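To start, the structure under review is shown below, and the notes come after it.
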Amino acid sequence: MTAVDAVEIRKAPEPKVDPEGAILRIEACGICGTDARTFFNGDPKAPAPWILGHEPVGVLEEVGRDALLPPGVRKGDRVFLGSILTCGRCHWCMDGYQNLCDEHLLYGYDPFPGAYAEYAAVPPIAMKNLIPLPPDLPSDLATVADPFACALNGIEVLDIRIGDTVVIIGSGPIGCWQAVMARDCGAGKVFLTDVNRQRLDIALGAVGAFVDDAWVAAADNGVAQALEHTGGKGPERIIVAAPSKQAQQAALEMAAKRARVVYFAGLPKHDPVSPLDMNQLHYKELSILGAYGATHRQYRLTMDYLERRRDELAAVVTHRFPLEKIGEAFETIRSGSGLKMVVIP
Ligand SMILES: [Zn+2]
Ligand SMILES: [Zn+2]
């Protein structure tokens, strides 16, 4: 990225190995909504010219002489790098909630350049985030471990019981994976909604087999259909995987009494205050919960999950681009004609 909304392929100096870090030879790196937002709107944490890319899979080409590798990881292994960099010492890290680390930073953002490149440095703070890959899991699919682990965190917070009706609002890659996970958790019915017909159709092409029905959220944000599909009672579990105030409010309106609602997607940082009908919460005894990022435990679980459900999950990776065509990848995201994209250097 050479400026906001401008990209160029340049010959960059080879990254140097930190004595406590390592070098990855990148095999694949995912593009996520955060990258797209940064590219289209700019971000002070990505000062141009800047190399983005925070969902890398690569081979550990070089390891610093004082570096500590996580158990089961050796030089020459194929690994995934989890993007949430944590201090490892604060209360939340010690409790296993690395996603809530008091001092957490993100790989791919200042001061750590990312992995839309042939080689990328692993800074010392990221060494504990290296996760070994199952030998048969292809690198392009393994790049989704980062958003996939976050989707898993949302589903764990949602706490689905066998037979629950689940509504997922937002049919991007996260919503798609959560539909698969909801099914695996024993949901009775899984419904998917989105404001965008095209996105919903692409999602159903990928994970339609896991979904009982889907609808485009119209003027009432999809509340009427949710009630219709549940005999007027409303769903017991709702997850909002779309950064939308209307979707947050719709979730409260469609919720069954005593339902659990998870706000997975954040709102834009400059506009985070949402007017919500709190009487829905009070009179229906709702639980509203948040979910953010993923823990190290969830990253590890993810590798297993990806391996087990490889064929179904591969359908969510709709586009692969060589590094030279990364500009085209961002255009495809802008046009909304795909789900998950991966860059292959
Ligand atoms: Zn991401
Ligand atoms: Zn911490």
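Note that the coordinates shown come from a computational prediction; the quantities given were computed from them, not determined experimentally. All ligand and atom numbering here is 1-based and tracks the order in the structure.
Nearest N/O/S atom of Glu55 with respect to the Zn ion (ligand 1) is recorded as OE2.
Annotation for Glu62 and Lys75: closest pair CA-CE, 4.2 Å, computed over non-hydrogen atoms.
A salt bridge links Arg183 to Asp212: one of the charged nitrogens lies within less than 4.0 Å of a carboxylate oxygen. By the 4.0 Å N-to-carboxylate-O rule, Glu55 lies close enough to Lys340 to be salt-bridged with it. Between Asp213 and Lys189 there is no salt bridge, since no side-chain nitrogen of the basic residue lies less than 4.0 Å from a carboxylate oxygen of the acidic one.
Shown are the protein N/O/S atoms under 2.8 Å from the Zn ion (ligand 2), given by residue and atom: Cys87 SG, Cys90 SG, Cys93 SG, Cys101 SG.
Counted by atom type alone, Asp35 and Tyr116 present one or more donor-acceptor pairs between their side chains at under 3.5 Å.
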* Would His229 and Thr165 satisfy side chain to side chain contact (heavy atoms under 4.5 Å, CB included), going step by step from the backbone distance to the final call? -> CA-CA 9 Å; His229 281 76; Thr165 296; over 6 Å; no
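When the shell of 6.0 Å around CE of Met94 is examined, it contains 12 or fewer heavy atoms from other residues, nucleotides or ligands.
Residue side and main chain included, His54 places an N/O/S atom under 2.8 Å of the Zn ion (ligand 1).
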